[in-house]
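Let me begin by presenting the structure, written as structure tokens, before commenting on it.
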Amino acid sequence: GGSITIDTEDGQHVDIGLGLKFARRQLRVAGYTRATEDSRRPGKLNWQYSQRAVELFRAFRTDFADLFAGVEANPNQDKYPLSVVFKAHADPRSRLEELLGWL
């Protein structure tokens with residue numbers, strides 16, 4: 001989990017994650033995330049987020065509240081049609097472009 005993809009009407013799959021951690025490869029973004037060994041589960045990692053990461057996420061959620069409303073309406077998915085996540089917009093494609101510019 002953790003990754004969300006928007007499927008466009010022309011068949012593109014657009015990852016809209018913040019890209020702050022890459023758990024499978026145990027990669028992180030300095031200043032935003034770090035992984036520590038889980039003392040109760042050897043070989044497992046616990047991810048910690050900095051205040052900087054929290055502030056980034058808050059800004060993301062505020063600036064794209066419509067996206068989060070669309071995702072929260074169907075929380076068990078990891079792929080969402082563009083027309084569903086930005087259904088309140090006359091031009092969902094332009095809203096997606098705005099989002100990609102923000103990211």
Closest heavy-atom pair and its distance - Gly17, Leu103: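 Looks like O-CD2, 4.1 Å.
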Least distance between heavy atoms, Leu45 atom then Ala35 atom: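 Heavy-atom minimum between the residues: CD1-CB, 3.9 Å.
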For Val14, all residues meeting side-chain contact (heavy atoms from CB on, under 4.5 Å), sequence neighbours excluded: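 side-chain contact (heavy atoms from CB on, under 4.5 Å) check on Val14 returns Thr8, Gln12, Ile16, Leu96, Leu100.
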[X]: which residues meet the side chain to side chain donor-acceptor pair (under 3.5 Å) condition with it, sequence neighbours left out?
| X | answer |
| --- | --- |
| Glu9 | none |
| Asn76 | none |
| Ser50 | none |
| Arg41 | Asp38 |

Residue of the set Val84, Leu67, Asp15 for which side chain to side chain contact (heavy atoms under 4.5 Å, CB included) holds with Ile6: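 With Ile6 as partner, side chain to side chain contact (heavy atoms under 4.5 Å, CB included) holds for just one option, Leu67.
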Sub-4.5 Å side-chain heavy-atom contact between Tyr49 and Tyr32: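 A side-chain contact is absent here, since even the closest heavy-atom pair is not under 4.5 Å.
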Donor-acceptor contact present, side-chain Glu37 to main-chain Gly43, <3.5 Å: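 It does hold such a pair.
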Worked verdict on Val71 versus Ile4 for side-chain contact (heavy atoms from CB on, under 4.5 Å): CA-CA 9 Å; Val71 169; Ile4 294 177; 3.9 Å; yes
Sequence-distant partners of Phe57, ring pair (Phe, Tyr, Trp, His ring centres under 6.0 Å), two or more places apart: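 For Phe57 the ring pair (Phe, Tyr, Trp, His ring centres under 6.0 Å) partners, ignoring immediate neighbours, are Phe68.
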Approximate separation, where rounding is to 0.5 Å, of Arg34 CZ and Leu20 CG: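 Reported value, rounded in 0.5 Å steps: 15.0 Å.
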Rounded distance [0.5 Å steps], CD in Gln48 versus OG1 in Thr36: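 Here the interatomic distance stands at 4.5 Å.
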Salt bridge (charged side-chain N to carboxylate O under 4.0 Å, His left out) involving Glu97 - partner list, sequence neighbours excluded: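 Checked Glu97 against salt bridge (charged side-chain N to carboxylate O under 4.0 Å, His left out); matches are Arg93.
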Residue pairs fulfilling side-chain hydrogen bond (donor to acceptor under 3.5 Å, both in side chains) with at least one residue in residues 78-88, sequence neighbours excluded: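 Non-adjacent pairs meeting side-chain hydrogen bond (donor to acceptor under 3.5 Å, both in side chains): zero.
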Contact list for residues 46-73, test salt bridge (Lys or Arg N to Asp or Glu O under 4.0 Å), sequence neighbours left out: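 Sorted result for residues 46-73: Arg61-Glu72, Asp66-Arg95.
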